[in-house]
Number of protein chains: 2
Amino acid sequence: MYRVYIQLEMGRRMIKYPNGNTFAVNNAAQVPSRPSPAVSYSKRGMTLEDAINTANTFYLDRQIAVIHKKPTPINIVNVSYPKRSAAKINEAYFAQASTTDYNGIYRGFYIDFDAKETQHKTAIPLANFHEHQVKHLAAIIQQNGIGFVIIRFAVYNESFVLPASELISFWQQSKTGGRKSIPYQYIKEHGFIISSGLIPELPYLKAVDLLIAQHQN
Amino acid sequence: MYRVYIQLEMGRRMIKYPNGNTFAVNNAAQVPSRPSPAVSYSKRGMTLEDAINTANTFYLDRQIAVIHKKPTPINIVNVSYPKRSAAKINEAYFAQASTTDYNGIYRGFYIDFDAKETQHKTAIPLANFHEHQVKHLAAIIQQNGIGFVIIRFAVYNESFVLPASELISFWQQSKTGGRKSIPYQYIKEHGFIISSGLIPELPYLKAVDLLIAQHQN
């Protein structure tokens with residue numbers, strides 16, 4: 001069951017992906033002006049993705065880290081050239097990503113992670129993750145990279161950096177009859193809480209510093 | 001001036017991007033069967049991108065490195081749901097990438113690069129590179145990552161790993177009246193040639209080993 005939401009906010013058009021992620025059309029000049037269902041989310045604050053992107057821009061500008069969100073993979077079927085100035089994609093479909101959404105470099109370390117938000121209070125269902133993401137993170141750890149997931153419990157307004165090794169462990173156990181979720185309490189004990197900041201709002205690399213310290217021991 | 005080429009090759013539909021890169025539609029099931037201008041490129045051998053992707057799959061399967069090509073960024077304007085099973089993108093445009101095309105981890109190092117092919121014999125024009133790619137590679141080097149470009153001289157069937165520092169140096173000189181290309185001879189002397197292999201055809205990480213050795217000195 002897929003739904004799409006289109007909203008206009010601060011001059012950007014946001015598209016809700018089927019996977020729940022929000023996609024920002026960042027080239028406003030290419031968006032034709034026409035009536036569109038406008039929904040303001042401003043009172044709900046930034047989405048998790050917005051908060052991470054804002055933090056990444058902050059880190060990039062200050063030469064602290066170079067971490068980017070990867071574009072969403074798309075299978076293109078038909079392209080036309082209505083004007084000489086711009087290729088127009090007329091038919092395309094969302095494709096399955098083979099990796100996580102974010103990667104980059106920080107303190108010389110290769111950084112790789114995904115971000116998930118849940119409305120649940122006691123645990124985050126493993127259904128939020130995909131097999132290929134877990135496998136990718138396992139490959140990153142095998143290569144001595146820093147892999148993790150940022151998990152946000154919306155009801156508590158709390159976000160955590162959870163080492164990928166923990167996610168992988170729960171994932172494997174679930175395959176042999178183990179529980180299908182990671183408890184909030186477990187994440188609180190084995191993850192690193194991201195203390196909220198002003199600029200950036202989600203200074204997640206402070207929590208990653210603790211993960212790196214653990215990694216080096 | 002943009003052109004698009006669509007070809008069917010080994011069951012995959014290839015689309016030539018305006019920037020000259022080839023895009024492989026990897027989900028054949030989503031490509032409707034209909035007449036299409038079929039051009040066989042098989043006699044020309046693999047494209048540079050194909051060769052890199054094949055090498056990356058080889059390295060991934062053997063747990064040597066985890067390096068992926070990033071999806072091409074696209075600005076989505078209109079999405080519909082003709083069937084409940086698949087969201088359909090009806091209008092989208094190619095967006096400017098803010099980074100290079102490839103990154104990942106190898107021997108614990110953060111790896112970041114772009115790949116360019118030229119038909120020229122004596123030099124590769126700097127016009128093959130974009131400001132944002134050069135800036136991104138400069139940021140990667142500042143973070144102590146391994147940044148480079150793979151440059152292929154098609155007429156000689158030779159490919160080189162050129163350290164990003166060399167590209168940045170030429171780029172900066174060109175801004176103050178310096179030459180607008182990097183000479184073939186210079187690349188031969190300051191880059192690392194990728195000796196062709198059988199499996200994979202382009203074992204570029206062997207040349208990266210030499211770059212890492214230089215980096216550590």
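In what follows, every chain begins at residue 1, and chains take the letters A, B, ... in the order their sequences are listed.
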Going through the checks in order, is the side chain to side chain contact (heavy atoms under 4.5 Å, CB included) test met by B:Leu167 and B:Leu126? CA-CA 9 Å; B:Leu167 169 66; B:Leu126 287 173; 4.0 Å; yes
Audit row: A:Asn128, A:Ile151, side chain to side chain contact (heavy atoms under 4.5 Å, CB included) steps and yes/no: CA-CA 10 Å; A:Asn128 280 279; A:Ile151 297 171; over 6 Å; no
Take A:Asp209 and A:Tyr106 through the test side-chain hydrogen bond (donor to acceptor under 3.5 Å, both in side chains) and record every step on the way to the result. CA-CA 10 Å; A:Asp209 283 335; A:Tyr106 171 54; 2.6 Å; yes
If we define contacts as heavy-atom pairs under 4.5 Å, which of A:Gln96, A:Lys70, A:Lys88, A:His136 has the most with chain B? A:Lys88
With a 4.5 Å cut-off on heavy-atom pairs, point out which of A:Ile140, A:Ile105, A:Thr99, A:Asn103 contacts chain B the most. A:Ile105
Under 3.5 Å, is there a donor-acceptor pair between the side chain of A:His68 and the main chain of A:Gly104? no
Qualifying side chain to side chain donor-acceptor pair (under 3.5 Å) pairs, either residue in residues 160-174 of chain A, two or more places apart: A:Glu131-A:Trp171, A:Glu166-A:Tyr186, A:Ser169-A:Gln173
Most heavy-atom pairs under 4.5 Å with chain A, out of B:Ile89, B:Ile111, B:Asp112, belong to B:Ile89
Worked verdict on A:Ile76 versus B:Ile74 for side chain to side chain contact (heavy atoms under 4.5 Å, CB included): CA-CA 10 Å; A:Ile76 298 170; B:Ile74 284 164; 3.7 Å; yes
So which residues of residues 56-65 of chain A are in contact with chain B at a heavy-atom cut-off of under 4.5 Å? A:Gln63, A:Ile64, A:Ala65
Name, in order of residue number, those residues of residues 197-208 of chain A that have a heavy atom at a distance of less than 4.5 Å from a heavy atom in chain B; otherwise write 'none'. none
A side-chain contact here means heavy atoms from C-beta on lying under 4.5 Å apart; do [X] and [Y] qualify?
| X | Y | result |
| --- | --- | --- |
| B:Ile168 | B:Ile141 | yes |
| B:Tyr102 | B:Ile150 | no |
| A:Lys69 | A:Ile52 | no |

Let me know if B:Gln142 has heavy atoms under 4.5 Å from chain A in its side chain, its backbone, both or neither. side chain
Go through it in stages, so that I can follow the logic: the residues are A:Val149 and A:Phe113, the test is side chain to side chain contact (heavy atoms under 4.5 Å, CB included), and I'd like the CA-CA distance, side-chain angles, deciding distance and then a yes or no. CA-CA 5 Å; A:Val149 282; A:Phe113 66 100; 5.8 Å; no
Check side chain to side chain contact (heavy atoms under 4.5 Å, CB included) between B:Asn144 and all other residues, then give those that pass, not counting sequence neighbours. B:His215
